[in-house]
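Everything numeric here is computed off the predicted structure, so don't read it as measured data.
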Amino acid sequence: MLTDKIALITGGGRGIGRAIAEAFARAGASVALLARTESEIEQVAAELQQTYQVVTMCRACDVADAASVARAFADVADTFGTGINILVNNAGIAESAPFVQTDDELWQRHLAINLTGTFYCTRAALPAMLARGWGRIINIASIAGKTGAPYIAAYAASKHGVLGLTRSLALEVATKGVTVNAICPGYVDTDMTTRALERIEAKTGRSATDALEAIKRMSPQQRLITPAEVAALALLLASDEGRGINGQAINVDGGTVLY
């Protein structure tokens with residue numbers, strides 16, 4: 001399905017990013033992985049290359065730093081001899097705090113990584129896509145980018161921004177062979193959710209098990225989403241068959257948010 005395509009996934013060492021990288025490699029794509037800690041993605045790249053016999057590479061990159069992004073994308077182009085075809089903006093953070101305790105650092109950190117990082121990587125990837133008349137940009141957002149929730153103002157604001165970027169750019173490139181979409185997961189069974197449960201336990205005294213059950217009850221399906229479910233949608237959006245899907249923010253949340 002993705003043979004002869006080059007896909008770049010930020011935050012590709014674990015969770016959703018790793019699942020998407022594996023799905024793309026299984027479909028025949030060459031895969032580039034970016035993360036702040038290169039050791040986190042070296043093993044993933046090696047495993048994908050060995051298992052699926054595709055070309056892989058990895059580079060350390062801070063998506064919130066424009067120079068770091070430029071260097072990483074230049075390295076990817078040098079390795080593959082061309083720009084990428086598919087970009088998955090997955091790198092992100094999720095921290096919580098009461099609004100009055102949300103300091104400048106927490107606020108700026110979320111905007112820098114979740115929103116500006118998406119902007120920097122998209123800006124670096126788009127020219128090659130436009131030049132060849134084919135490209136796929138997939139932004140991993142959140143249902144918090146549609147609704148919001150208490151104690152996550154910075155996170156929700158950053159993900160709302162990602163949806164605005166997605167919709168605006170999708171219209172700008174709609175006739176250029178490039179699609180731009182967002183995936184909005186609910187709570188996913190990843191390290192990020194585990195860390196959220198640990199923070200709940202530390203701050204409230206409520207057990208992580210009780211907090212997990214409460215999170216599950218938020219979904220009509222009474223469960224967490226798996227990374228593989230998010231990856232399956234990303235694979236569709238990356239395909240030729242997904243070319244009619246553009247400018248969308250698609251929920252993968254078991255029906256928690258119905259718009």
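- The heavy-atom pair separating Lys146 from Asn251 by the smallest distance is NZ-OD1, 2.9 Å.
- Annotation: side chain of Pro227 is in contact with side chain of Val188 (closest heavy-atom distance under 4.5 Å).
- For the pair Asn114 (side chain) and Ser158 (backbone), a donor-acceptor distance under 3.5 Å is absent.
- No continuous path of ILVMFWY side-chain contacts below 4.5 Å connects Ile138 to Leu126, so the two sit in separate hydrophobic clusters.
- For Arg59 against Thr79, the heavy-atom pair with the smallest separation is NH2-OG1, 3.9 Å.
- Side-chain contact between Ile140 and Pro185 is present, with heavy atoms from C-beta onward closer than 4.5 Å.
- Side-chain contact between Cys121 and Thr10 is present, with heavy atoms from C-beta onward closer than 4.5 Å.
- Between Val173 and Met129, the closest side-chain pair of non-hydrogen atoms is not below 4.5 Å.
- Taken to the nearest 0.5 Å, the OH atom of Tyr155 stands 10.0 Å off from the CD1 atom of Ile93.
- For residues 33-48, the side chain to side chain donor-acceptor pair (under 3.5 Å) pairs, not counting sequence neighbours, are Arg18-Glu47, Gln43-Glu47.
- Note that CG of Asn85 and CD1 of Ile6 are 5.5 Å apart. Values are rounded to the nearest 0.5 Å.
- To the nearest 0.5 angstrom, Leu115 atom CG is 9.5 Å from Lys159 atom NZ.
- Taking the side-chain contact (heavy atoms from CB on, under 4.5 Å) definition, one finds that Ala182 meets it with Asn139, Ala141, Leu163, Thr166, Ala249, sequence neighbours left out.
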CA sep, side-chain torsions, deciding dist, call: Arg26, Glu22, salt bridge (charged side-chain N to carboxylate O under 4.0 Å, His left out):
CA-CA 6 Å; Arg26 190 185 305 118; Glu22 183 169 1; 3.6 Å; yes
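- Residue-environment remark: CZ (Phe80) exceeds the threshold of 12 foreign heavy atoms within 6.0 Å.
- Each side chain to side chain donor-acceptor pair (under 3.5 Å) pair with one or both residues in residues 181-193, not counting sequence neighbours, would appear here, but there are none.
- Looking only at distances, no side-chain donor or acceptor of Gln101 sits under 3.5 Å from a matching main-chain atom of Pro98.
- Nearest heavy-atom pair, Pro220 versus Gly255, reported as atom, atom and distance to 0.1 Å: CG-O, 3.5 Å.
- Within the 4.5 Å cutoff, side-chain heavy atoms of Trp134 are placed close to those of Ile86.
- A distance-only check finds a donor-acceptor pair linking the side chain of Thr147 to the backbone of Ile143 [under 3.5 Å].
- The NE2 atom of His110 sits 8.5 Å away from the CD1 atom of Ile152 when rounded to the nearest 0.5 Å.
- The minimum heavy-atom distance between Ala125 and Ile84, with the atom names listed, is CB-CD1, 3.7 Å.
- Within 6.0 Å of the CZ atom in Arg243, the count of heavy atoms belonging to other residues, nucleotides or ligands does not exceed 12.
- When hydrophobic clusters are built by joining Ile, Leu, Val, Met, Phe, Trp and Tyr residues whose side-chain heavy atoms come closer than 4.5 Å, directly or via intermediates, Ile41 is not grouped with Val63.
- Taking CD1 of Ile225 as the reference point, atom OG1 of Thr256 lies at 7.5 Å (rounded to 0.5 Å).
- The CZ atom of Phe24 lies 12.0 Å from the NZ atom of Lys5; values are rounded to the nearest 0.5 Å.
- Criterion: ILVMFWY side-chain heavy atoms under 4.5 Å apart, direct or through other members. Under it, Tyr52 and Leu8 are not part of a common hydrophobic cluster.
- Under the side-chain contact (heavy atoms from CB on, under 4.5 Å) rule, Ile245 has a single partner from Leu236, Thr179, Leu233, which is Leu236.
- In this structure, Arg132 and Thr82 have side chains that are in contact, with non-hydrogen atoms separated by less than 4.5 Å.
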Give the intermediate values and the outcome of side-chain contact (heavy atoms from CB on, under 4.5 Å) for residues Tyr120 and Asp65.
CA-CA 8 Å; Tyr120 284 156; Asp65 182 275; 5.9 Å; no
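- No more than 12 heavy atoms of other residues, nucleotides or ligands shown are found within 6.0 angstrom of CG on Asp4.
- The shortest side-chain heavy-atom distance between Thr209 and Leu212 does not fall under the 4.5 Å cut-off.
- Side chains of Thr122 and Asn89: a donor on one and an acceptor on the other come within 3.5 Å.
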Evaluate Ile16 against Glu229 for side-chain contact (heavy atoms from CB on, under 4.5 Å), listing each step before the verdict.
CA-CA 9 Å; Ile16 291 172; Glu229 291 175 286; over 6 Å; no
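- Val180 and Val88 are not part of a single hydrophobic cluster, where members link through side-chain heavy atoms under 4.5 Å apart.
- Of all heavy-atom pairs spanning Ala228 and Ala19, the tightest one is N-CB, 4.2 Å.
- Cluster membership check: Leu34 does not share its hydrophobic cluster with Val31, using side-chain heavy-atom separations under 4.5 Å among Ile, Leu, Val, Met, Phe, Trp and Tyr.
- What you find for Leu2 and Ser239 is that their closest heavy atoms are CD2-CA, 4.3 Å.
- More than 12 heavy-atom neighbours from other residues, nucleotides or ligands sit within 6.0 angstrom of CD on Gln222.
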